[in-house]
There are 2 protein chains.
Amino acid sequence: MKAPQVRSPRKPKGQGGERREEILDAALRLFSDKGLQTVSTRQIAEAAGISQPALYAYFATKDDLIAELCVRAFAGLAARMEAGKADWSPTPEAFDKAMRVYIDFGLEQPDAYRVAFMIEKSHDGSFLARTGGRPMAAGVETFKAFAAMISDLHAHGLTAEDDPLRLTQTLWAGLHGLVSLLIARPEFPWVEREALIAGHIAMLRRGALTS
Amino acid sequence: MKAPQVRSPRKPKGQGGERREEILDAALRLFSDKGLQTVSTRQIAEAAGISQPALYAYFATKDDLIAELCVRAFAGLAARMEAGKADWSPTPEAFDKAMRVYIDFGLEQPDAYRVAFMIEKSHDGSFLARTGGRPMAAGVETFKAFAAMISDLHAHGLTAEDDPLRLTQTLWAGLHGLVSLLIARPEFPWVEREALIAGHIAMLRRGALTS
DNA sequence: AATGATAAGTTATCAGTGATAGATTATCGC
DNA sequence: GCGATAATCTATCACTGATAACTTATCATT
């Protein structure tokens with residue numbers, strides 16, 4: 001029967017006390033530079049100034065570390081969406097603005113976007129299996145905010161589709177297609193990027209809203 | 001100065017003489033079951049009835065093997081697109097049909113689709129680096145056929161966009177978004193699939209063509 | 001039919017991966 | 001100082017993709 005001691009916060013060996021943050025920072029930098037697959041746990045550990053097994057005191061698996069980075073980045077997206085809600089109104093202009101928030105997020109946080117929507121869980125369920133659906137849940141949250149906007153447009157009779165949920169899903173797919181292709185195939189001979197994004201949003205608007 | 005001997009076809013040890021085909025067949029089955037990442041070269045070799053290093057007599061790397069599978073599958077898509085050209089006409093109905101050919105291909109050949117459009121080359125260029133852009137080239141070919149259709153529609157004044165190339169790219173992105181999300185996130189609470197696809201195509205049509 | 005050349009396949013091995021076990025060191029309350 | 005525990009390290013495991021060196025089967029030719 002052990003005494004229920006108070007887990008007093010204690011400074012680790014390293015330095016300030018934020019080992020976990022240091023690891024996440026180092027990992028994010030490496031992932032952004034070289035991609036998720038090619039970065040090894042040993043490289044992360046070295047960049048964080050610790051030994052490789054020490055990582056496993058803070059993260060159960062490499063995937064858990066990645067998922068954590070993803071969840072944090074999505075918190076940023078949620079914040080942006082929330083901020084955008086301030087000047088929301090059921091108008092085509094606000095629609096365009098919301099689309100661009102999503103696209104900008106994906107292109108600015110490609111690693112987070114990858115983990116959330118582009119990396120597959122293995123068929124036998126290794127990746128993200130015990131991670132539950134944490135990063136996915138973060139994405140679902142964003143999706144809900146999205147669905148609310150579309151429902152609002154639908155309620156005002158501005159949508160060209162009777163089922164707002166279905167419309168939300170097709171719009172999301174439309175956005176995801178551009179973001180994921182730009183991330184995965186940057187070397188493709190795309191037309192000028194700004195024009196591409198603007199054209200894409202315009203196409204989605206024409207397809208989703210009544211003219 | 002070696003005599004330019006005739007490389008007479010010779011039966012290998014194994015059986016019929018189609019070792020390479022046997023390997024590709026075994027690999028495709030395994031990849032479809034368990035995903036690209038989790039299947040090891042040893043598993044492929046065992047399924048093909050040879051030792052693991054023997055694979056490297058036929059494929060320089062595992063990625064080359066994957067790329068080969070992709071190229072073959074894309075030949076199938078090219079064939080479908082070509083077949084679809086038979087009853088092509090610059091009409092909304094034909095547009096819908098072409099969209100569906102693409103979506104159906106992606107959903108029926110998810111492994112090929114993954115390799116062609118969803119798997120990223122590592123930033124430092126390991127994957128598909130020496131593979132050149134073979135599978136990518138196969139995709140580009142498909143893209144061209146697509147661009148031809150859009151240009152035809154544009155020439156007949158049916159498009160809602162002045163730049164047919166940009167429109168082709170946004171449409172492709174729109175298609176890719178649905179296909180890749182359905183492949184990567186099948187567990188997401190989608191609306192009924194057929195209605196989703198039909199709705200997606202309808203949205204793309206309204207966004208791309210004049211009503 | 002025996003021969004040399006070559007293709008096809010083998011076993012043994014390498015460096016690198018994610019992850020675990022057990023010993024070791026630092027830091028705490030007392 | 002003391003014991004307890006958190007934090008970290010070294011050593012190691014099973015497995016990965018890939019290579020080297022050797023052996024065996026098949027061929028064209030004599």
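Chain naming here is simple, since letters A, B, ... match the order of the sequence lines and numbering starts at 1 in each.
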Between the protein and nucleotides 12-17 of chain C, are there any N/O to N/O pairs under 3.5 Å, and if so, what are the atom names and distances?
residue, atom, partner, partner atom, Å
C:dT17, OP1, A:Ser40, OG, 3.4

Starting at atom [atom1] of [X], determine the distance to atom [atom2] of [N], rounded to an integer number of angstrom.
{"X": "A:Leu30", "N": "C:dG18", "atom1": "CG", "atom2": "P", "result": "12 Å"}
{"X": "B:Ile50", "N": "D:dA25", "atom1": "CD1", "atom2": "P", "result": "17 Å"}
{"X": "A:Leu55", "N": "D:dT8", "atom1": "CG", "atom2": "P", "result": "11 Å"}
{"X": "B:Glu46", "N": "C:dT10", "atom1": "CD", "atom2": "P", "result": "12 Å"}
{"X": "B:Asp64", "N": "D:dG17", "atom1": "CG", "atom2": "P", "result": "14 Å"}

Under a 4.5 Å cut-off applied to non-hydrogen side-chain atoms, are B:Leu107 and B:Arg193 in contact?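 Yes, side chains in contact.
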Side-chain heavy atoms of B:Ile201 within contact of B:Leu178, under 4.5 Å: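 A side-chain contact under 4.5 Å is absent here.
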For A:Ser180, side-chain hydrogen bond (donor to acceptor under 3.5 Å, both in side chains) partners two or more places apart: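 Per chain and number, A:Ser180 pairs via side-chain hydrogen bond (donor to acceptor under 3.5 Å, both in side chains) with B:His176.
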Please name the residue in the list A:Phe117, A:Phe146, A:Phe74 that meets the ring pair (Phe, Tyr, Trp, His ring centres under 6.0 Å) test with A:Phe105.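 Exactly one option meets the ring pair (Phe, Tyr, Trp, His ring centres under 6.0 Å) with A:Phe105, and it is A:Phe74.
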C:dT10, OP1 or OP2 - any side-chain N/O from B:Ser51 closer than 4.0 Å?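 Checking C:dT10 against B:Ser51, a side-chain N or O does come within under 4.0 Å of OP1 or OP2.
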Would you say A:Tyr58 places a side-chain N or O within less than 4.0 Å of OP1 or OP2 belonging to D:dA7? no
Options D:dT8, D:dA18, C:dA19, nucleotide nearest the side-chain atoms of A:Tyr56: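 Nearest to the side-chain atoms of A:Tyr56, counting from C-beta on, is C:dA19.
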Under 4.0 Å between any heavy atoms, over every strand shown, what does B:Ala54 touch: base, sugar-phosphate, or nothing? Just pick one. base
State plainly whether the residues B:Asp87 and B:Lys97 are in salt-bridge range, i.e. N to O under 4.0 Å.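 Result for this pair is yes, salt bridge flagged.
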Heavy-atom count around A:Glu108 CD within 6.0 Å, excluding the residue itself: above 12? yes
